[in-house]
Amino acid sequence: FEVRHLANDGDVFAPGSGPGEIGMLATMGFLMSAGLARLAGRLGSRVYDAAAMVLTVLGVIFAGFGLLVFENPLLGGRSVGDGVIFNALLVGYLVPAAAAALAARLSTAGRPRWFATMLSGVALALAFAYVTLMVRKAYHGPVLWRGPETDPELWTYSAVWMAFGVVLLLAGIRIASQPARLASAAIIVLTVVKVFLIDMSALTGIWRAL
């Protein structure tokens with residue numbers, strides 16, 4: 001209710017939900033699940049352990065279906081705001097991505113391997129969506145689904161995705177994380193495929209050369 005109150009200027013009965021609200025709900029789910037998992041490990045409480053699992057599932061549902069499908073601003077819907085940094089994309093995608101990554105990092109003890117892998121995958125998907133939608137916002141403004149794509153925009157996607165993959169690789173080496181290194185490989189391969197299948201045929205002039 002606090003999230004609902006904050007996202008709708010005090011009107012908890014407002015129709016619909018935007019990516020900012022869904023992102024805050026996902027963030028709370030991931031952070032509370034991480035905290036309860038640590039409490040369950042210290043106290044040996046099955047209730048806290050079960051509650052942590054439930055909240056994790058809810059966070060994944062909010063992130064996977066709410067942010068990436070139903071409330072995805074690229075598929076139509078509300079404006080994401082005019083702020084260059086502080087906008088609905090920051091709260092809706094980057095913050096829950098960080099929360100999911102933290103929950104994955106803290107759930108290695110006493111949890112099956114697939115559990116942490118799932119959270120890491122959600123964190124990666126949200127972070128990738130964030131950088132992609134931020135590029136879209138830079139070229140189309142706060143309403144992302146309007147307007148055609150241009151050559152500079154297509155080129156910027158490739159550049160930003162490659163940089164994102166390199167950052168993941170460096171982070172994976174720094175913290176000795178195999179999932180991060182594998183994720184970086186997936187992002188870089190995706191970028192290379194896009195460059196050869198889309199950019200080389202769609203871009204023209206200087207953008208194709210770059």
**Report entry** salt_bridge(Asp199, Lys194) N-O dist < 4.0 Å
**Finding:**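 A salt bridge links Asp199 with Lys194.
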[Y] side chain reached by [X] side chain, heavy atoms, under 4.5 Å:
| X | Y | result |
| --- | --- | --- |
| Leu210 | Ile206 | yes |
| Arg136 | Glu153 | yes |
| Val91 | Phe86 | no |
| Leu124 | Leu168 | yes |
| Leu119 | Phe115 | yes |
| Met118 | Thr56 | yes |
| Val122 | Phe62 | no |
| Val80 | Leu144 | yes |

Shared hydrophobic cluster for [X] and [Y] (ILVMFWY, side-chain gaps under 4.5 Å):
| X | Y | value |
| --- | --- | --- |
| Val143 | Phe70 | no |
| Val160 | Met134 | yes |
| Tyr157 | Tyr130 | yes |
| Met28 | Met53 | yes |
| Leu68 | Leu74 | yes |

**Report entry** Verdict with supporting geometry, Leu170 and Val166, side chain to side chain contact (heavy atoms under 4.5 Å, CB included)
**Finding:** CA-CA 6 Å; Leu170 295 176; Val166 171; 4.2 Å; yes
Using 0.5 Å steps for rounding, measure from the [atom1] atom of [X] to the [atom2] atom of [Y].
| X | Y | atom1 | atom2 | answer |
| --- | --- | --- | --- | --- |
| Ile22 | Asn72 | CD1 | CG | 12.5 Å |
| His5 | Phe1 | NE2 | CZ | 11.5 Å |
| Leu55 | Met32 | CG | CE | 5.5 Å |
| Arg146 | Ser79 | CZ | OG | 9.0 Å |
| Phe196 | Ser201 | CZ | OG | 12.0 Å |
| Leu133 | Leu89 | CG | CG | 5.5 Å |

Query - Residue list, side chain to side chain contact (heavy atoms under 4.5 Å, CB included) with Ile173, at least two apart or on another chain - result: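 For Ile173, the residues satisfying side chain to side chain contact (heavy atoms under 4.5 Å, CB included) (neighbours in sequence not counted) are Leu169, Arg181.
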Donor-acceptor pair, [X] side chain versus [Y] backbone, under 3.5 Å?
| X | Y | value |
| --- | --- | --- |
| Asn87 | Leu90 | yes |
| Lys137 | Val84 | no |
| Asn8 | Gly10 | no |
| Tyr48 | Gly35 | no |

Minimum heavy-atom separation for [X] to [Y], with atom names?
| X | Y | result |
| --- | --- | --- |
| Ala52 | Ala37 | CB-N, 3.8 Å |
| Trp145 | Pro73 | CD1-O, 3.8 Å |
| Phe30 | Pro96 | CD1-O, 3.8 Å |
| Pro19 | Leu67 | O-CD2, 3.4 Å |
| Ala97 | Leu126 | CB-CB, 3.6 Å |
| Val69 | Leu75 | O-CD1, 3.4 Å |

Query raised in the report: Given the rule in the side chain to side chain contact (heavy atoms under 4.5 Å, CB included) test, do Arg105 and Ile175 qualify, once you have shown the distances and angles that lead to the verdict?
Result: CA-CA 11 Å; Arg105 192 77 174 172; Ile175 64 176; 4.0 Å; yes
Do we see a donor-acceptor contact under 3.5 Å between the side chains of [X] and [Y]?
| X | Y | result |
| --- | --- | --- |
| Tyr139 | Thr156 | yes |
| His140 | Glu149 | no |
| Thr150 | Trp207 | no |

Crowded around [X] [atom1]? As in, over 12 foreign heavy atoms under 6.0 Å?
| X | atom1 | result |
| --- | --- | --- |
| Leu197 | CG | yes |
| Met24 | CE | yes |
| Asp11 | CG | yes |

Requested in this report: Sequence neighbours left out, what passes salt bridge (Lys or Arg N to Asp or Glu O under 4.0 Å) with Glu21? Give chain and number order.
Outcome: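 For Glu21 the salt bridge (Lys or Arg N to Asp or Glu O under 4.0 Å) partners, ignoring immediate neighbours, are Arg4.
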